> 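Could you have a look at this structure, given as C-alpha cells, before my questions?
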Number of protein chains: 2
Amino acid sequence: MDHVDGILKQWNRERPDLDVGPMGLIGRISRIYGYLMREMSETFAKHGLNRASFDVLATLRRSGPPYALSPGDLLAATMVTSGTMTNRIDQLEKAGLVARAHNPDDRRSMRISLTQKGREVIDAAVTDHVATQARLTAMLSEEERKALDGMLGRYLSRIEGEG
Amino acid sequence: MDHVDGILKQWNRERPDLDVGPMGLIGRISRIYGYLMREMSETFAKHGLNRASFDVLATLRRSGPPYALSPGDLLAATMVTSGTMTNRIDQLEKAGLVARAHNPDDRRSMRISLTQKGREVIDAAVTDHVATQARLTAMLSEEERKALDGMLGRYLSRIEGEG
DNA sequence: GCCATTTGTCTTGACGTCAAGATAATATTT
DNA sequence: AAATATTATCTTGACGTCAAGACAAATGGC
C-alpha cells in the first residue's frame, strides 16, 4: 500500500470507465523520482552544486581525459535544450569550474573543459552522490534491486528503441 | 542495453572505486521519467493544460463531489510548495477552471472548486491522458507491467514509510 | 566558386518552481 | 481575558527551463 494506491481507488470510484493500470505504474515512477531527486539535491548542495551543474560536470568527468566536450556533446547526454545548456555552462564558467575555448577545427564549436577546481569538486561530489544513492536504494535487497533494475532496463531500451 | 549502460561503463573506467549499482537503477528511473513526462505533456497541451494545472484539476476531480478542496489539501497531494500552489490556483482561476471561495468555518482557509468548464476540461483530459499512458506502457506485456508495478509499489511504500 | 542548406551555439522573453518570510485567523496556554 | 503559539495561505525575488528564433561557420549541390 503506497500513496498511489489511494489515487487509483479514487479514480476507480469516480471514473470506473478508465483502466488505471498504466497510471499506477507511471504514478509510482513519478513519485519515486520525486523522492529521489529531493534527497540527491541535498547532496549536490553540499558541494555548491545543483542537479544541473552536477550533471554537466559529471558528464565531463566520466568522459575521461582530457575532460573536455562540446556543448553539443553535453546536450546529447542530458535531455535539455540548447539554451539551457548555454546557461548551465555560463554559470559553471562564472564559478570557475569549467573553461570555454574555441575549437580550432570548427569555429562554430566550443570546447568545454573541467578546470582543476572543477575536477576536484566533481570527484568529491560524485563520491558523496554514490553514497546517497546507496542509501536511497538500501531498502531494497541486492536481489530486489537487480530484479527491478533489469525490468527498468528492458523498459527503457524499448522506449529508446522507438525514438 | 540502454543509454544508462553507457554511462555506467564510463564511470567504471574512470572511477572503478565506485559501486554504480544504485546509480544504474536511479538513472533508469530518471531517464524513463523524462521520456514519460515529455509525452504526457503533449496530451496536457492538447487540452490547454500543463502538468501543473492538470495535477490540480485531476486532484479535485478524483476527490469526488462537490469537487472542492482547500489549498492545503491540494498541497498534501502534489509534492510542491505552498507558493507554487498559490500560483497554480491563480492561473486556473484566471482561466475560469476553478473558483476560490472562503471557508465559512475557518477564515484562514479557502475552498477551491471545479467550475463547470473545469469539470468538462479535466474529464476530457483524463480520458486522453489514460490513453497516452496506455500507449507509453504498451511495450510491456501485461505480465511485465504488473511485475514492474509490484516491485515499484514495494519500493515506494518503503520510501514513504521512512517519512 | 557560388548559393542554399545544415550545423553549433547563443539570445530573448515567458513560465513554473522554490525558499524565506509576511499576514491574518485560530488554538492554546497562563 | 490576554499573551503566545500554531495554522493556512499568500507574497516576493531569484533561479532553471523552454520555445522560438538569431547568428555565424561549415557543408553540399549545381
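Residue numbering restarts at 1 for every chain, and letters A, B, ... go by the order of the sequence lines. Since the model is a prediction, treat every value here as computed from it, not as a measurement.
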> Measure CG/A/Asp73 against P/C/dT7 and give the value in whole Å, please.
15 Å

> Using distance alone, with no hydrogens and no angle criterion, decide if B/Asp73 and B/Ser70 have a side-chain donor and acceptor under 3.5 Å apart.
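Yes.
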
> What nucleotide, of C/dA20, C/dG16, C/dT9, holds the atom closest to the side chain of B/Gln91?
C/dG16

> In whole angstroms, how far is the C1' atom of D/dT27 from the CG atom of A/Asp105?
15 Å

> What nucleotide, of D/dG16, C/dC18, D/dA25, holds the atom closest to the side chain of A/Arg107?
D/dA25

> Once you round it to whole Å, what is the distance between P of D/dA25 and CG of A/Asn103?
14 Å

> So if I take residues 37-50 of chain A and measure heavy-atom distances to DNA chain D, which residues fall below 4.0 Å?
A/Asn50

> Quickly work out the A/Leu74 CG to C/dT9 C1' distance and round it to whole Å.
12 Å

> If we only count heavy atoms from C-beta on, is the B/Glu14 to A/Pro65 side-chain gap below 4.5 Å?
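Sidechains of A/Pro65 and B/Glu14: in contact.
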
> Given side chains that start at C-beta, do those of A/Arg31 and B/Ile159 come closer than 4.5 Å, heavy atoms only?
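Side-chain contact under 4.5 Å: no.
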
> Is any side-chain heavy atom of A/Glu160 closer than 4.5 Å to one of B/Tyr35?
yes

> Measuring only between side-chain heavy atoms, which start at C-beta, is B/His129 closer than 4.5 Å to B/Met40?
yes

> Among the candidates D/dA25, D/dT9, C/dC10, find the nucleotide nearest to the side-chain atoms of A/Thr86.
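Looking only at heavy atoms from C-beta outward on A/Thr86, the closest nucleotide is C/dC10.
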
> Tell me, do B/Ile89 and B/Met110 make a side-chain contact under 4.5 Å, heavy atoms counted?
no

> Would you kindly give the CG-to-C1' distance between A/Leu75 and D/dT17, to the nearest whole Å?
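A/Leu75 atom CG is separated from D/dT17 atom C1' by 13 Å.
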
> Whole-Å distance between D/dA8 C1' and B/Arg111 CZ?
17 Å

> Just to be sure I understand the rule, does A/Asp106 reach a base, reach only the sugar-phosphate, or reach nothing, if contact means heavy atoms closer than 4.0 Å?
sugar-phosphate

> Answer yes or no: side-chain N or O of B/Arg108 and base N or O of D/dT9 forming a donor-acceptor pair under 3.5 Å.
no

> The side chain of B/Asn87 is closest to which nucleotide in this list: C/dT9, D/dC10, C/dG16?
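Nearest listed nucleotide: C/dG16.
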
> Contact class for A/Ser109 (heavy atom, under 4.0 Å): base, sugar-phosphate, or nothing?
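The answer is sugar-phosphate, as A/Ser109 gets under 4.0 Å only of primed atoms, P, OP1 or OP2.
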
> In terms of side-chain geometry, is the basic nitrogen of A/Lys46 or A/Glu42 positioned less than 4.0 Å from the acidic oxygen of its partner?
no

> Using a distance-only criterion (donor-acceptor N/O pair, under 3.5 Å, no hydrogens), is the base of D/dC18 paired with the side chain of A/Thr84?
no

> How many whole angstroms separate atom CE of A/Met85 from atom P of D/dA19?
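Atom-to-atom, A/Met85 to D/dA19, this comes out as 14 Å.
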
> Under 4.0 Å between a side-chain N/O of A/Arg88 and OP1 or OP2 of D/dT17, yes or no?
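Yes, because at least one side-chain N or O of A/Arg88 sits under 4.0 Å from OP1 or OP2 of D/dT17.
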
> Counting heavy atoms from C-beta on, name the nucleotide in D/dG16, D/dC10, C/dT9 closest to the side chain of A/Met110.
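The listed nucleotide nearest to A/Met110's side chain is C/dT9.
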
> In whole Å, what is the span from the CD atom of B/Glu93 to the C1' atom of D/dC10?
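From B/Glu93 CD to D/dC10 C1': 13 Å.
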
> Give one of base, sugar-phosphate or nothing for B/Gly83, where a contact means two heavy atoms less than 4.0 Å apart.
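If one applies the 4.0 Å heavy-atom cut-off, B/Gly83 turns out to touch a base.
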
> Would you check, one step at a time, whether the test side chain to side chain donor-acceptor pair (under 3.5 Å) holds for B/Asn87 with B/Thr84?
CA-CA 5 Å; B/Asn87 185 49; B/Thr84 297; over 6 Å; no

> Quick one: label A/Arg100 by what it contacts on the DNA or RNA (base, sugar-phosphate, nothing), any heavy atom closer than 4.0 Å.
sugar-phosphate

